[in-house]
Each structure stands twice: as structure tokens, then as C-alpha cells.
Amino acid sequence: MKVLVVHGPNLNLLGTREPEQYGTLTLDEINAMIGALAGELGLDARCVQSNSESEIVGLIQSGQDGQDGGSYDFLIINPAAYTHTSVAVRDAISAVGKPAVEVHLSNIHKREGFRRHSYSAGACLGQISGFGATSYLLALHAAKLHLEK
Ligand code: DQA
């Protein structure tokens, strides 16, 4: 089963970006953790980062008619700042209709008021927020359990 993991804007800077919020692991290190757990769970994870809303919409659409990229069975997405701004990302998740989990490293409900609202979470099975890199690993377990149902 294929899991697409999409990391949104500024997550390429993990490791040095606001470590008190996001920890000190780099995105490559987090992707290695995702790959290792996916292997243990028998899942095939593809991790992609983009700073562009348009590219993220394209990634979510991958495998649909006329879109590049392989298809996938489950979406794990950290839309980062687009969580709080993007109807386009939400609509893409709804349009494709694949099961999805929204992930955040930090607990967005403990931070500034504008971070408490997510456009995308309503198009997902659920949201995992506040566990650092472990949020992605919990999402992989959620994917495995959902795909086995
Ligand atoms: C984030 C939380 C967002 O509010 C923020 O814009 C990010 C990262 C997180 O993973 O905690 O870029 O999605």
C-alpha cells in the first residue's frame, strides 16, 4: 500500500527553524524515520516537500487523470502555513477522496489564535498535532489501521 507524505512550506528548514517549536531533527532525518517505520508496517512511503501551494495541490492530485506522479492509497499531509489559509488544499483532498490524516509537529491549539483553525482538517479522517516528528509516525499507524479495515 502506498502512502504519500506531503510536507508543506518552510518544513525544508527543519533542524534550524524555531527549534523550540519544531525540534532539532532535519526533514531528511524525519523522512528516514518515516521510511523505516513504513517498512516495518509493510507500507511504501513517498515523502515530498514543497513551498508552493500549486505544487501541493498537484501532489495531492497525483495519480488522477492527467496528473504526473504515481498514485497512492493514503495521504499524510502537514500543510504547514497553508493549513490556516488554503481552501485549495482542502478542496484537493476532498476532490481526490483518498483517506488522509493531517499532521503537525507543534500543538497548533496551544499557539497563536490564527493557528487553531485548519481548512484542511475537515477533509481528513483526523488530525495529529503536537508530538514533534512522532506525529508523522502516529499518522503512519493510523494509515496502517485504516488500510487494514
Ligand atoms: C506546523 C504548524 C503551522 O502552524 C506552521 O505554519 C508550520 C508548521 C507544524 O507542523 O507544527 O509551518 O504545521
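Atoms within each ligand, like the ligands themselves, are counted from 1 in listed order.
- Remark: side-chain polar atoms of Tyr82 are paired, donor with acceptor, to backbone N or O of Asn51 under 3.5 angstrom.
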Exercise. Yes or no on side chain to side chain donor-acceptor pair (under 3.5 Å) for Ser118 and Glu102, after CA distance, side-chain angles and deciding distance?
Worked result: CA-CA 9 Å; Ser118 167; Glu102 180 178 302; 2.9 Å; yes
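- Inter-residue side-chain proximity for Gln127 and Ile108 is flagged as met; some heavy-atom pair is nearer than 4.5 Å.
- Aromatic ring orientation, His84 versus His104: parallel (interplanar angle below 30°, classes split at 30° and 60°).
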Give every pair made of an N or O atom of ligand 1 and a protein N or O atom lying under 3.5 Å apart, one pair per line with both atom names and the distance to 0.1 Å, or write 'none'.
| unit_1 | atom_1 | unit_2 | atom_2 | d |
| --- | --- | --- | --- | --- |
| ligand 1 | 4 (O) | His84 | NE2 | 2.7 |
| ligand 1 | 4 (O) | Arg115 | NH1 | 2.8 |
| ligand 1 | 6 (O) | Ala81 | N | 3.3 |
| ligand 1 | 6 (O) | Arg115 | NH1 | 3.1 |
| ligand 1 | 10 (O) | Asn78 | ND2 | 2.9 |
| ligand 1 | 10 (O) | Leu105 | N | 2.8 |
| ligand 1 | 11 (O) | Leu105 | N | 3.3 |
| ligand 1 | 11 (O) | Ser106 | N | 2.8 |
| ligand 1 | 11 (O) | Ser106 | OG | 2.6 |
| ligand 1 | 12 (O) | Arg17 | NH1 | 3.1 |
| ligand 1 | 12 (O) | Arg17 | NH2 | 3.0 |
| ligand 1 | 13 (O) | Asn78 | OD1 | 2.8 |
| ligand 1 | 13 (O) | His104 | ND1 | 2.8 |

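- Here the side chains of Leu75 and Val96 are not in contact, with every heavy-atom distance at 4.5 Å or above.
- Looking at Leu14 and Glu29, their side chains never come closer than 4.5 Å, going by heavy atoms from C-beta outward.
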